[in-house]
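Only one structure is covered here, and it is reproduced in the block below.
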Amino acid sequence: QVQLVESGGGSVQAGGSLRLSCAASTCTYARNYLAWFRQAPGKEREGVAAISTSSGRTYYTDSAKGRFTISTDIRGNTAYLEMNSLKYDDTAVYYCAAGLVWDGDDWPRVSEYTCWGQGTQVTVSS
């Protein structure tokens, strides 16, 4: 898989904020969505947020709504995830992904994405 380049992870106290970045220009496959996933120890990888680079429409899981914001640069080559009011349960490795998603409702499916980042650790202490 093509590796995207992520940055911005780290350790923060509960209630704090972090901003993740992902350079997606290295993904040469057709793509119209950029997304963030996360995986906590012992759990499956789950979608956090996604954005359509053509329409700008954004999608969030319930746990991210109201606290996280996904965005891109004007060309759709860089994705950002602004995370506020972080909770202990947000602790996970966060992955950036790029892919071709035909149906917006399919955005959380791991199989929809062909390009992935190496992951960046986010640790929230209570």
Side-chain angles (χ1 to χ4, degrees):
Q1 290 181 329
V2 175
Q3 294 294 313
L4 308 180
V5 181
E6 300 150 340
S7 61
S11 297
V12 65
Q13 289 188 333
S17 300
L18 283 174
R19 187 183 194 224
L20 306 182
S21 299
C22 170
S25 59
T26 51
C27 182
T28 58
Y29 294 98
R31 55 183 172 85
N32 61 350
Y33 274 63
L34 296 175
W36 289 94
F37 288 75
R38 68 186 183 186
Q39 188 166 16
K43 295 186 177 181
E44 294 186 355
R45 191 169 298 189
E46 63 175 3
V48 176
I51 184 169
S52 166
T53 56
S54 57
S55 69
R57 182 176 178 180
T58 57
Y59 304 82
Y60 298 93
T61 53
D62 289 343
S63 62
K65 288 178 183 177
R67 300 188 300 126
F68 294 2
T69 302
I70 188 170
S71 61
T72 67
D73 66 349
I74 193 169
R75 293 189 175 184
N77 286 332
T78 304
Y80 305 97
L81 185 68
E82 184 76 33
M83 303 185 293
N84 298 312
S85 302
L86 282 162
K87 305 175 182 179
Y88 176 77
D89 289 346
D90 294 320
T91 296
V93 177
Y94 283 70
Y95 297 90
C96 176
L100 194 61
V101 180
W102 293 109
D103 186 331
D105 290 338
D106 291 335
W107 77 265
R109 293 186 180 179
V110 170
S111 59
E112 296 289 314
Y113 299 88
T114 51
C115 299
W116 289 87
Q118 77 286 356
T120 185
Q121 178 69 46
V122 171
T123 303
V124 184
S125 58
S126 57

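In the hydrophobic clustering of ILVMFWY residues, with side-chain heavy atoms under 4.5 Å counting as a link, Tyr95 and Leu18 come out apart. Criterion: ILVMFWY side-chain heavy atoms under 4.5 Å apart, direct or through other members. Under it, Tyr60 and Leu86 are part of a common hydrophobic cluster. When hydrophobic clusters are built by joining Ile, Leu, Val, Met, Phe, Trp and Tyr residues whose side-chain heavy atoms come closer than 4.5 Å, directly or via intermediates, Val48 is grouped together with Val12.
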Side chain to side chain contact (heavy atoms under 4.5 Å, CB included) evaluation trace for Val93 with Thr120: CA-CA 5 Å; Val93 177; Thr120 185; 6.0 Å; no

Trace of the side chain to side chain contact (heavy atoms under 4.5 Å, CB included) decision for Met83 with Tyr94: CA-CA 12 Å; Met83 303 185 293; Tyr94 283 70; 3.8 Å; yes

Leu34/Thr53 under side chain to side chain contact (heavy atoms under 4.5 Å, CB included): CA gap, chis, key distance, verdict: CA-CA 7 Å; Leu34 296 175; Thr53 56; 3.9 Å; yes

CA sep, side-chain torsions, deciding dist, call: Arg67, Ser17, side chain to side chain contact (heavy atoms under 4.5 Å, CB included): CA-CA 9 Å; Arg67 300 188 300 126; Ser17 300; over 6 Å; no

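Looking only at atom types and distance, the side chain of Tyr59 has a donor-acceptor partner in the side chain of Tyr33 under 3.5 Å away. Under the 3.5 Å distance criterion, with hydrogens and angles disregarded, no donor-acceptor pair is assigned to the side chains of Asn32 and Ser54.
Taking the six-membered ring where tryptophan is involved, the planes of Trp116 and Phe37 are tilted, since the angle between them lies from 30° to 60°.
What you find for Asp90 and Arg38 is that their closest heavy atoms are OD1-NH1, 2.9 Å. The two atoms that bring Thr91 and Gln121 nearest to each other are CG2-NE2, 4.0 Å, heavy atoms only. Residues Tyr29 and Cys115 approach most closely at CD1-SG, 3.7 Å, considering heavy atoms. Taking all atoms of both residues into account, the shortest heavy-atom contact from Ala40 to Ala92 is N-CB, 3.8 Å. For Gly117 against Gln3, the heavy-atom pair with the smallest separation is C-OE1, 3.7 Å. The heavy-atom pair separating Val124 from Gln13 by the smallest distance is CG1-C, 4.0 Å.
Looking only at distances, no side-chain donor or acceptor of Arg45 sits under 3.5 Å from a matching main-chain atom of Gln39. Checked by atom type and distance alone, the side chain of Glu6 pairs as donor or acceptor with a backbone atom of Gly119 at under 3.5 Å. Not one N or O on the side chain of Thr58 forms a donor-acceptor pair closer than 3.5 Å with the backbone of Thr69. When atom types are taken as modelled, the side chain of Asp73 and the backbone of Thr78 share a donor-acceptor pair closer than 3.5 angstrom.
In this structure, Arg19 satisfies the cation-pi test against Tyr80, with its NZ or CZ atom closer than 6.0 Å to the six-membered ring centre and inside 45 degrees of the ring normal. With Trp107 as the aromatic partner, Arg57 does not meet the cation-pi criteria of under 6.0 angstrom to the ring centre and within 45 degrees of the ring axis.
Distance check, rounded to the nearest 0.5 Å: CD of Glu46 to OG1 of Thr61 gives 6.0 Å. Rounded to the nearest 0.5 angstrom, Ser63 OG and Lys87 NZ are separated by 8.0 Å.
Under the 6.0 Å cut-off for aromatic ring centres, Phe68 and Trp36 do not qualify, their centroids lying 6.0 Å or more apart.
Salt-bridge formation is detected for the pair Asp62/Lys65: a Lys NZ or Arg NE/NH1/NH2 atom is positioned less than 4.0 Å from an Asp or Glu carboxylate oxygen.
Counting heavy atoms from C-beta on, the side chains of Leu20 and Val122 come closer than 4.5 Å.
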